[in-house]
Amino acid sequence: MLAEEQRISMADRLRADFPALHQSVNGRPLVYLDSAASAQQPSCVIDTVAEYARHDHANVHRGVHTLSHRATDAYEGARDKLAGFINANSRREVVFTSGTTEAINLVAQSFLRPKAGPGDKILITHMEHHANIVPWQLVCEQTGAELIVAPMDDSGTLDTDALYALLDERVLLVGVVHVSNALGTINPVEDIIREAHAREIPVLVDGAQGVPHKAIDVQALDCEFYAFSGHKMFGPTGTGVLYAKEALLDAMPPYQGGGDMILEVSFDKTVYNELPYKFEAGTPNISGFVGLGAAVDYLLGVGLETVSELEKDLLEYMTARLSELDGIRLIGTADNKASVQSFILGDIHSHDLGTILDHQGVAIRTGHHCAMPVMQFFDVPGTARASLALYNNRDDVDRLVSALTVAQEMFA
Amino acid sequence: MLAEEQRISMADRLRADFPALHQSVNGRPLVYLDSAASAQQPSCVIDTVAEYARHDHANVHRGVHTLSHRATDAYEGARDKLAGFINANSRREVVFTSGTTEAINLVAQSFLRPKAGPGDKILITHMEHHANIVPWQLVCEQTGAELIVAPMDDSGTLDTDALYALLDERVLLVGVVHVSNALGTINPVEDIIREAHAREIPVLVDGAQGVPHKAIDVQALDCEFYAFSGHKMFGPTGTGVLYAKEALLDAMPPYQGGGDMILEVSFDKTVYNELPYKFEAGTPNISGFVGLGAAVDYLLGVGLETVSELEKDLLEYMTARLSELDGIRLIGTADNKASVQSFILGDIHSHDLGTILDHQGVAIRTGHHCAMPVMQFFDVPGTARASLALYNNRDDVDRLVSALTVAQEMFA
Amino acid sequence: MSGAGDSEIRELYRSTILDHARTPRRFGRMKNPTHTAQGINSLCGDKLEIYLTVQADKIVDVSFDGTGCAISLASASMMSDRVIGQSIIEAMSDIELVGDSLNGSSSATLPGSLEALKGVREYPSRVKCATLAWHALGAAIESDGSVATTE
Amino acid sequence: MSGAGDSEIRELYRSTILDHARTPRRFGRMKNPTHTAQGINSLCGDKLEIYLTVQADKIVDVSFDGTGCAISLASASMMSDRVIGQSIIEAMSDIELVGDSLNGSSSATLPGSLEALKGVREYPSRVKCATLAWHALGAAIESDGSVATTE
Ligand SMILES: Cc1ncc(COP(=O)(O)O)c(C=O)c1O
Ligand SMILES: Cc1ncc(COP(=O)(O)O)c(C=O)c1O
């Protein structure tokens, strides 16, 4: 445990690493409270990407010349870093995708679609992001399988008993979000995985909001699939990871066809490449993953324990300060939460709130947060959401609260 | 037409814009002759990407705050640039993908798969890249349709009569490469499209090697689909475009599900977003496309006419110089060619050639170039390939030729 | 409130707007509309339904319901004030005028009380809110039953 | 030839290597092998088939065919020189030794005439060529009929 002053000086030091935070917006120093949508990048990531392009770029895997070799080393080096970051058993289990969304679609099409049919079920929760809903709806349409949904309560806590009661032999897969981007709820994925496995049901964890905030150990979790995005963990956009157990990947048909995912092509017969390449067709986002490798180094340098602690402390502070406001309704009040607070302020529409805050240099997200079923559950058209990352501090929260007060005055 | 000195000074000026070219490799100034695999980026692209990350990054489309607005403007601004670049009728026809490979897979799964069945045919040519073979093989496996192949001759020229003879009412789509990456052949896609349309068959053009070298006008071509990659046209990796006619996109089901591609999600019913967003699920490669927009500006600044002219001149020079070498066999000698020359030197395996050239600072590609059927056709395990871009000059070609002479001596 | 450009945000949320947003005119479902359409702003989840009674090419009645931010509700309310009694042709021309004027493609001033919407020009991300009702009105007039969006 | 590091490339393509590559020993299909496996290097399209006759845990005959670069052919040829007459256990230990030594994970010297391969260490992209035959040999010994690759 860090003492309070240590936390404060730590956060200030980290903040200095992120150039985008040091600017004025509408005449005020920027307060960035939208990291759950996309995080800012530290200089080391931005510079790594640029240096790669300036010195080392070439296509990967197929070249014998020096640049191609350097590019391949940098790209595959990033895979090793990511494998270590989530403690995968092997780099063969780390499939690079364009993001969480593609990772889940890959599982939906290559793992689930071939085995799904009428009567089969896919079980998700009521607090999923669209990325963990729509891919399954598409498979259901394609195969006649059915999407079923485990409920949550008014605090945004998953009803795990109800979820377990839905686990029957027709459930082909459980898809559950690790940390809800709309509510901040941290789901007990360890328990869910254990219960699902007791019934031999595989589990996909949507970890988009997991990886930036806490240490992930996929072997300890023992999930079949874990999906996440680079741009939410301080890396470049257009990068993501599907972790999957090797035996499953081995048994799955490829997702896309093209270069790099094959060993041999003729018009009669095509032999697919080894893992993970079987699932990486075409020229990958080389510079993006090289940058993501740098983001992993950065996060490990700070230490995920430190990140969790800083954010937990700040989230408590933010929730307390927001609660002081007249007429505020906090959405998402589960006991176990991370880095996100959604709310509604009186009868001010979240969109108006967003504009008025932006006018004061405070960036929050407003609307449905790609989780419309959550909005339907709470019967609101949208919420305002302030989300934290390792670079936020108490001053940011104070600025948020005073900007909200201004909005209240304007709408008084 | 530029005079020779103009061409030379132009190429030198352009070369100065590409930082990666100004380095030594193995003690010699780098000669980069591998742009067909992946092109280098001009400073303006590298800087645009870095500046975006330093000042303007946020998630797109869903935010009301300033950074989100700037990011959306930059990202959607890039779409407008790309629409203009290929003269699309509307920005709705410009779908952003991770590359040519994903673009073709999208067409295979969303356009073709729903309508294909046993007895249906997909017609491609013998000179396709794996990216325009394997996606169709996957669809054939999934649906029972059949992949058929139009032949070429010993020069690497497509036999268009044979292709036309294969166009019957069971052909659902013609897929043809605009410029072959292995052979350099420029195919008469205008004629092929006209003949296919006369039989009401839609055409996909694999333009990966088209866009960096000549002006493309998709409305003049009148093709249904045109696919290309950002990293081959001096933009960042992880970016690509599927151009498609709006009416086709409208009728196609989405490819991937997730955020941004929907208007409304509930567990019962999901309403898809408008074009092109229906086909862009999840957070896109924002910085990559912002960089690609800068690459378009750069290319238009140079002028595609100039690019074609510079490259045509240099290709002629390279072919002439290579022909001087004892025991050289040029692979790909069609009349109408662009920017690429494959060859075999005596009985030196291309891979050994690649290493010996690299040792002298000359980067070429060796192997099958993701076009194994082409290798099978010429009955070679692979070729050496030198490919040109707007930044190459005669000195590069001379260095290539003298390095090849050294290899000959070593293997003499 | 401190910070630069206060006048701009006060202009956006001027009292006319706040008043229309709080007590929108003609808010509610219409019994037997001749024309109707929905407008959705995917950005913020705004959703309006527009109801029209058109007789002999004239809008004899108009109402709307749904949810939205202050800007979209105010704009819908002011729209209903404006178009009631108009001919279809007049309404179509207003739709175009409002769209062009707010997204900056025309410098034409907004007619009558719609002038209150002009502050939105400084907030490009909010233009879609202000034009949502107008898009939906256009869709209702064409009445193919489709969903209008503000993309 | 000019440029730095000439000695390195001469070391890679030293005469032993070029000689083995030009006239590979035991090149050709075996009639009735007891074990066989294929090795593919997806990088450059090298493709070797290894044939073994194993009797009482001893490699009494070995041959190979296929296509490859000088490095992979020379390595296969030298391998056949080396393992003929070896016990399976000896061969397996050589496979490991060659792999570790060439990819740099061990500083052990290469046994006997295999020493000629050591120049490849300076060319990481070519290590796969040099180890291809050895991978395939290992696969042949295990003989589950699968394709060995050098990834
Ligand atoms: C002709 C051709 N088609 C398709 C591709 C695939 O492009 P990408 O790997 O960028 O998806 C390439 C490049 O490798 C190509 O040269
Ligand atoms: C919980 C959750 N899942 C999935 C996603 C989708 O991630 P991406 O848009 O990077 O594919 C997000 C982020 O938007 C998220 O917060």
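All values below come from the heavy atoms of this structure, side chains included, with hydrogens, waters and symmetry mates left out. This one's a predicted model, so the numbers in the text were calculated from it and none came from an experiment.
Of the atoms belonging to B:Val149, it is side-chain heavy atoms, and not backbone ones, that fall under 4.5 Å from chain A. If you measure heavy-atom distances from A:Asn105 to chain B, the contacts under 4.5 Å come from the side chain alone. For B:Glu264, the parts sitting under 4.5 Å from any heavy atom of chain A are the backbone and the side chain alike. Both the backbone and the side chain of A:Gln256 come within contact range of chain B, with heavy atoms under 4.5 Å apart. Heavy atoms closer than 4.5 Å to chain B are found nowhere in A:Ile148, neither backbone nor side chain. If you measure heavy-atom distances from B:Glu141 to chain A, the contacts under 4.5 Å come from the side chain alone. Of the two parts of A:Glu102, the backbone and the side chain both hold a non-hydrogen atom closer than 4.5 Å to a non-hydrogen atom of chain B. Contact of B:Tyr272 with chain A is made through the side chain alone, with heavy-atom distances under 4.5 Å. Neither the backbone nor the side chain of A:His369 comes within less than 4.5 Å of any heavy atom in chain B. For B:Phe289, no part lies near chain A; criterion is any non-hydrogen pair under 4.5 Å. Using a 4.5 Å cut-off between heavy atoms, A:Asn132 makes no contact with chain B at all. For B:Ala39, the part lying near chain A is the backbone, with the side chain staying farther off; criterion is any non-hydrogen pair under 4.5 Å. Proximity to chain A (any heavy atom under 4.5 Å) is shown, for B:Ile286, by both the backbone and the side chain. Using a 4.5 Å cut-off between heavy atoms, A:Phe18 does not touch chain B at all. Residue A:Met261 touches chain B through its side chain alone, counting heavy-atom pairs closer than 4.5 Å. There is no contact between B:Leu106 and chain A, counting heavy-atom distances below 4.5 Å. In this structure, the portion of B:Arg70 lying under 4.5 Å from any heavy atom of chain A is its side chain and not its backbone.
Of the listed residues (B:Ala363, B:Gly354, B:Ala131), the one with the most heavy-atom contacts under 4.5 Å to chain A is B:Ala363. Counting heavy-atom pairs closer than 4.5 Å to chain B, the top-ranked of the candidates A:Ser43, A:Ser35, A:Pro254, A:Pro284 is A:Pro284. The choice from B:Gln40, B:Gln142, B:Gln41 that makes the most heavy-atom pairs within less than 4.5 Å of chain A is B:Gln40. Interface remark: of the candidates B:Thr239, B:Ile262, B:Leu357, B:Ile262 forms the most heavy-atom pairs closer than 4.5 Å to chain A. The candidate with the highest count of non-hydrogen atom pairs below 4.5 Å against chain A, out of B:Ala108, B:Ser229, B:Ser266, is B:Ser266. Per-residue heavy-atom pair counts under 4.5 Å with chain B were compared for A:Val134, A:Val265, A:Ile46, A:Asp56, and the maximum is reached by A:Val265. For the options A:Gly288, A:Pro114, A:Cys370, heavy-atom pairs under 4.5 Å to chain B are most numerous at A:Cys370. When each of A:Asp260, A:Leu147, A:Thr283, A:Val25 is checked for heavy-atom pairs under 4.5 Å with chain B, A:Thr283 comes out on top. Annotation: maximal heavy-atom pairing with chain A below 4.5 Å, among B:Ala71, B:Pro253, B:Ala281, B:Gly99, occurs at B:Ala281. The candidate from A:Lys232, A:His351, A:His129 with the greatest count of non-hydrogen atom pairs under 4.5 Å with chain B is A:His351. Taking chain B as the reference chain and counting heavy-atom pairs below 4.5 Å, the highest number among A:Gln376, A:His55, A:His368 is found for A:Gln376.
Contact check for A:His231 versus B:Asn59: side-chain heavy atoms found under the 4.5 Å cut-off. Residues A:Leu67 and B:Leu30 form a side-chain contact, since some pair of their non-hydrogen atoms from C-beta on lies under 4.5 Å apart. Side-chain atoms of A:Ser98 and B:Asn285, non-hydrogen and from C-beta on, never get closer than 4.5 Å to each other. With contacts defined as side-chain heavy-atom distances shorter than 4.5 Å, the pair A:Asp358/B:Val64 does not qualify.
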Item to check | Derivation and outcome, side-chain contact (heavy atoms from CB on, under 4.5 Å), residues B:Thr66 and A:Gln23 | outcome: CA-CA 12 Å; B:Thr66 300; A:Gln23 64 176 303; over 6 Å; no
Item to check | B:Thr270/A:Ile133 under side-chain contact (heavy atoms from CB on, under 4.5 Å): CA gap, chis, key distance, verdict | outcome: CA-CA 10 Å; B:Thr270 286; A:Ile133 302 174; 5.7 Å; no
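Between B:His126 and A:Phe267, the ring planes lie perpendicular to each other; the angle is over 60°, past the 30° to 60° tilted range.
When A:Thr355, A:Asp34, A:Thr366 are each tested for a side-chain hydrogen bond (donor to acceptor under 3.5 Å, both in side chains) with B:His65, only one passes: A:Asp34.
Here the shortest heavy-atom pairing between B:His130 and A:Gly259 reads CB-N, 4.0 Å. Nearest approach of A:Arg365 to B:Gly63, heavy atoms of both residues: NH1-N, 3.5 Å. Heavy atoms only, all atoms of each residue included: B:Gly258 and A:Pro135 are closest at N-CD, 4.4 Å. The two residues A:Ala58 and B:Ser38 make their nearest non-hydrogen contact at C-CB, 4.2 Å. Pairing each heavy atom of B:Ser287 with each of A:Thr237, the nearest pair is N-OG1, 3.2 Å.
Summarising the geometry, atom OH belonging to B:Tyr255 is positioned 12.0 Å from atom CG belonging to A:Leu138; distances are rounded to the nearest 0.5 Å.
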